[in-house]
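Note: hydrogens, waters and symmetry copies are ignored here, and every other heavy atom, side chains too, is used. Please read all numbers here as calculations on a predicted model, not as lab measurements.
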Amino acid sequence: MPLGTLDRTPPPFFRQGTSALTKLVFFAALAFFLMVADARLHIAGPVREAIAFVLLPVQRALAVPVELVFGGADYLRGLEAARAAEREALQQLAGNADKLARAGALAAENNQLRALLELKPALSVRSQAAEVLYEAADPYSRKVVIDRGQAQGVAAGSPVVNQDGVLGQVTRVFALTSEVTLLVDKDAAIPVLNVRTQQRGAAFGVSGGMELRFTSANDDVRVGDELQTSGVDGVYPGGLPVAKVMSVERRSESGFARIRLAPSARGDGVRHVLVLEPLAAQLPPRPDPAPTTPEVAPRRGSGRK
C-alpha cells in the first residue's frame with residue numbers, strides 16, 4: 001500500500017474537539033456572566049438554598065462521627081474536671097468543718113471568759129446584702145456603686161465585705177444607691193493587725209494593690225503574714241481579713257520598710273456584697289474632754305503691813 005494512502009487522523013479516543021483556549025474563554029465568560037447576574041438579579045440564591053437543603057442530611061450524616069469524637073473528648077475532660085472539683089470541694093469541706101469546730105470551741109471559751117471577767121458580750125454586727133451596679137466613671141479611682149442607700153439605712157463609713165474579706169467602705173450615700181471606695185483606691189486607708197505578731201499598723205491603697213506604711217525597717221514583718229481588722233477604730237469589726245504581705249523591702253537609707261500587700265478581697269468581678277453597720281453606731285459615745293480652766297496666779301497684796 002502506498003504511504004500516501006495511509007489514514008493519519010487520530011483514532012476516536014484521542015480526538016480533541018474544541019481547543020483548550022476556546023473552552024477556557026467560554027467558561028470564564030460564563031462564570032463572569034453568572035457572577036454579574038447573581039449580584040444583580042440574585043438568581044443563584046434559590047439554587048444554593050435548594051442544593052443546601054438537599055445536601056443537609058448528607059452533611060449531618062458525615063458530621064456525626066466528628067461530633068462523636070470531639071463530644072466524647074469534651075465529656076471525658078469535663079468528667080475529669082468534675083471529679084477534681086469534687087475532690088477539692090471535699091477537702092475544703094473537711095477543712096471548713098475543722099475550722100467550724102474550732103471556732104465553736106473558741107466562741108464558747110470566749111463567752112466563758114467574758115462571763116468570768118464580767119465583761120459585756122461581744123457586739124453583734126448588723127448587715128444587709130447589696131448588689132454592685134457598676135463601677136464609678138472616674139478612671140483614676142477604684143469605686144463601685146451598690147443598690148442600697150439612705151432608704152435602706154446605709155450610713156457613710158459603713159464597711160463593705162464579701163466572702164473573702166474587706167472590700168472597702170461607703171464614702172457617699174444617696175437616696176437609693178451608695179458609693180463604695182475600695183481598699184485599693186489611692187485615697188483608701190484602713191487600720192490593720194498582724195495576726196502573727198499582734199502588731200498594729202495602717203494599710204493604704206496604691207495602684208494595683210496596697211502598702212503597709214509607717215512600719216519601721218526593723219519591725220518583725222514577714223512575707224505571708226496575714227493582716228486583719230483590729231476592731232479598735234470604731235468602724236470595722238475585728239478579725240476580718242484585709243490583706244497578705246507579698247514583699248518586704250528594707251531600705252538602709254530610710255527608717256521605714258516598703259511592704260507590699262495583696263488584698264484578700266478582689267474588687268474585680270464582684271457582684272454581691274454585705275454592708276455592715278459601723279461599730280460606732282453601737283458603741284457608747286465618747287466622753288467629751290473636761291474643760292480646762294486657766295490657773296489664775298495670786299496677786300500680790302499691796303496693803304499696809
Does one hydrophobic cluster hold both M210 and L193, with members joined at side-chain heavy-atom distances below 4.5 Å? no

Quick one: CD1 on I146 to CD on Q152, what's the gap to the nearest 0.5 Å? 9.0 Å

Does the side chain of Q128 reach to within under 4.5 Å of the side chain of V154, using non-hydrogen atoms? yes

Under the rule for side chain to side chain donor-acceptor pair (under 3.5 Å), what residues qualify as partners of E131, not counting sequence neighbours? R271

With side-chain hydrogen bond (donor to acceptor under 3.5 Å, both in side chains) as the rule and sequence neighbours excluded, what pairs involving residues 174-184 come up? T171-T181

Report the distance from atom NE2 of H272 to atom CD of Q163, rounding to the nearest 0.5 Å. 11.0 Å

What donor-acceptor contacts under 3.5 angstrom involve side-chain atoms of residues 67-92, with partners at least two apart or in another chain?
from : atom 1 : to  : atom 2 : distance (Å)
D74  : OD1    : R77 : NH2    : 2.2

Check the surroundings of atom CD in Q198: do more than 12 heavy atoms from other residues, nucleotides or ligands lie under 6.0 Å from it? yes

Mind listing the closest non-hydrogen atom pair of L261 and A203 along with its distance? CD1-CB, 3.9 Å

Those residues that, when tested against D225, pass side chain to side chain donor-acceptor pair (under 3.5 Å) (two or more places apart): N194, R196

For the residue pair G209 and P263, what are the closest heavy atoms and their distance? CA-CD, 4.4 Å

Grouping I, L, V, M, F, W and Y whenever their side-chain heavy atoms are under 4.5 Å apart, do V145 and V273 come out in a common cluster? no

Can you hop from F204 to V192 via hydrophobic side chains spaced under 4.5 Å? no

Backbone of A217 reached by a side-chain donor or acceptor of R250 within 3.5 Å: yes

Should L100 and R102 count as side-chain neighbours, where that means a heavy-atom distance under 4.5 Å? no

If we only count heavy atoms from C-beta on, is the L176 to D147 side-chain gap below 4.5 Å? no

Starting from V223, can I reach V221 by hopping between I/L/V/M/F/W/Y residues whose side chains sit under 4.5 Å apart? yes

Of all residues at least two apart in sequence or in a different chain, which pass the salt bridge (Lys or Arg N to Asp or Glu O under 4.0 Å) check with R213? E211

Which side-chain N or O atoms in residues 235-249 pair as donor and acceptor under 3.5 Å with protein atoms at least two apart or in another chain?
none

Within a strict 4.5 Å, meaning less than it, do heavy atoms of the V161 and L274 side chains meet? yes

Member of L276, L182, L183 meeting the side-chain contact (heavy atoms from CB on, under 4.5 Å) criterion with V166: L183

To the nearest 0.5 angstrom, please state how far the OG atom of S158 sits from the CD atom of E277. 7.5 Å

Decide whether L133 and V160 are clustered together by the hydrophobic rule: side chain heavy atoms of Ile, Leu, Val, Met, Phe, Trp, Tyr closer than 4.5 Å, transitively. no

Verdict with reasoning, R260 to V206, per side chain to side chain contact (heavy atoms under 4.5 Å, CB included): CA-CA 9 Å; R260 301 282 295 184; V206 294; 3.7 Å; yes

So that I can tick it off, tell me whether R142 and D268 are bridged by a salt bridge, with the cut-off set at under 4.0 angstrom between side-chain N and carboxylate O. yes

How long is the gap from CG on L227 to CZ on R200, to the nearest 0.5 Å? 14.0 Å

Can D219 and Q199 be counted as having a side-chain donor-acceptor contact under 3.5 angstrom? yes

How close do V66 and L62 get, heavy atom to heavy atom, and via which atoms? CG2-O, 4.3 Å

Please report the closest heavy-atom contact between S264 and D164, naming both atoms and the distance. O-CB, 3.4 Å

Under 3.5 Å: donor-acceptor pair, side chain of N96, backbone of K99: no

